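Both counts, for ligands and for their atoms, begin at 1 and track the order of listing. None of these values were measured; they are calculated from a predicted model.
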Amino acid sequence: MTEQDFIPKSYTKEVGSGKVTWQSPSNIALVKYWGKRENQIPANPSISFTLDTCRTTTSLDFQKKEKGTDFDFELFFENEKKESFKPKIIKFFERVEEYLPFLKEYKFTIQTSNSFPHSSGIASSASGMSALALCLMNLEKQLNPGMSEEYFNRKASFLARLGSGSACRSIKGNLVAWGEHKNIAESSDLYGVEFQHPVHENFRNYQDTILLVDKGEKQVSSTLGHDLMNGHPYAERRFQQAHENLDLLKGIFEKGDLSAFTKVVESEALTLHAMMMTSQPYFLLMKPNTLEIINKVFDFRERTGLHLCFTLDAGANVHLLYPETEKEETLEFIKANLLQYCQNEQYITDRVGKGAKKLA
Ligand code: PMV
């Protein structure tokens, strides 16, 4: 599919007013997206586990009106009016208007809330942007009821990507790949696709315990972060490495090789941070407690032979990934040994999930 396929030619129905609600999860990248070209085209392919309990619920109330010159909407976050979130939504609407030509013909009320604590340092843009994209697609589906499910999902992912790149990996479940890769079926720079290759049962219900090491504001915004890869001395080699790591993961998923999984996933996390440490300007986003946790994870693995591994986003928090079959011992270890490195001992237990869903 190309960008042109997402520009609607005409609508077959008139829709006056209504309300739709979608719940969309966050995701955690195994091969990281870091660096982009214009229009949120990723510089390299990435793959993520869709999460389950970390999610955003968004309702979109719509009322048809005369087409205006501006976007007309109100925004409530956790039941409070949030003027400060509006510029981000306006920017999103501007980017997607070409693909959703009805936007200026409705007055919208957007109500949104997260399942995870506010400013926990958990990225809410992936779940937030995908939930909003799904609500807008739901309205478009009412205008064009003939739309196929595949088109609906791809366009929702396409729109979410224009809001926040990694959000395009939150529409569907388990494993989602985004960005063209020669050996990943149907992969596209424009939207995320469900990973369609064999996945061993070792990866079923994979666990993710998120340790909240630093709940502060992000030190480096995603926009600035991706920009740091322009002219970065190691960028080209890094982009190539992401392709190689995806090939490795494809084999690992098929075989169920948990030790090899650890090697790729931890190396990806450290590479992401190495890119930030070696850019100009440079950033050091890990905290002393991040390193304490990482070293304890190494020790635990060495001592027990279990398969706990870590990954990081662009911040100090740590995602701990482990198989469901090792849940009991691993969680016990985390609670006894790692919570002391979290702010107020805060953590979130999550696992791989099935993707977004519509609420009645
Ligand atoms: O979606 P963005 O622009 O916020 O970028 C997210 C980048 C990482 O979370 C660091 C990696 C990823 O692939 O999710």
Write out each pair where an N or O from ligand 1 and one from the protein are under 3.5 Å apart, with the distance.
from, atom 1, to, atom 2, distance (Å)
ligand 1, 1 (O), Ser164, OG, 3.2
ligand 1, 1 (O), Ser166, N, 2.8
ligand 1, 1 (O), Ser166, OG, 2.6
ligand 1, 3 (O), His226, NE2, 2.9
ligand 1, 4 (O), Ser222, OG, 2.6
ligand 1, 5 (O), His226, NE2, 3.1
ligand 1, 9 (O), Asp313, OD1, 3.4
ligand 1, 13 (O), Tyr33, N, 2.9
ligand 1, 13 (O), Arg169, NH1, 3.0
ligand 1, 13 (O), Arg169, NH2, 3.2
ligand 1, 14 (O), Arg169, NH2, 2.8

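Considering Tyr106, Phe93, Phe92, Phe85 in turn, Phe93 is the only one that fulfils the ring-ring contact (aromatic ring centres under 6.0 Å, His included) rule with Phe73.
Classification of the Phe6-Tyr151 ring pair by plane angle, with boundaries at 30° and 60°, yields tilted. By the 30° and 60° cut-offs, the orientation of the rings of Phe261 relative to Phe253 is tilted.
In this structure, the ring-ring contact (aromatic ring centres under 6.0 Å, His included) partners of His197, at least two apart in sequence or on a different chain, are Phe195. Residues passing the ring-ring contact (aromatic ring centres under 6.0 Å, His included) test with Phe239, sequence neighbours excluded: none.
Through chains of ILVMFWY side-chain contacts below 4.5 Å, Trp178 is grouped with Tyr33.
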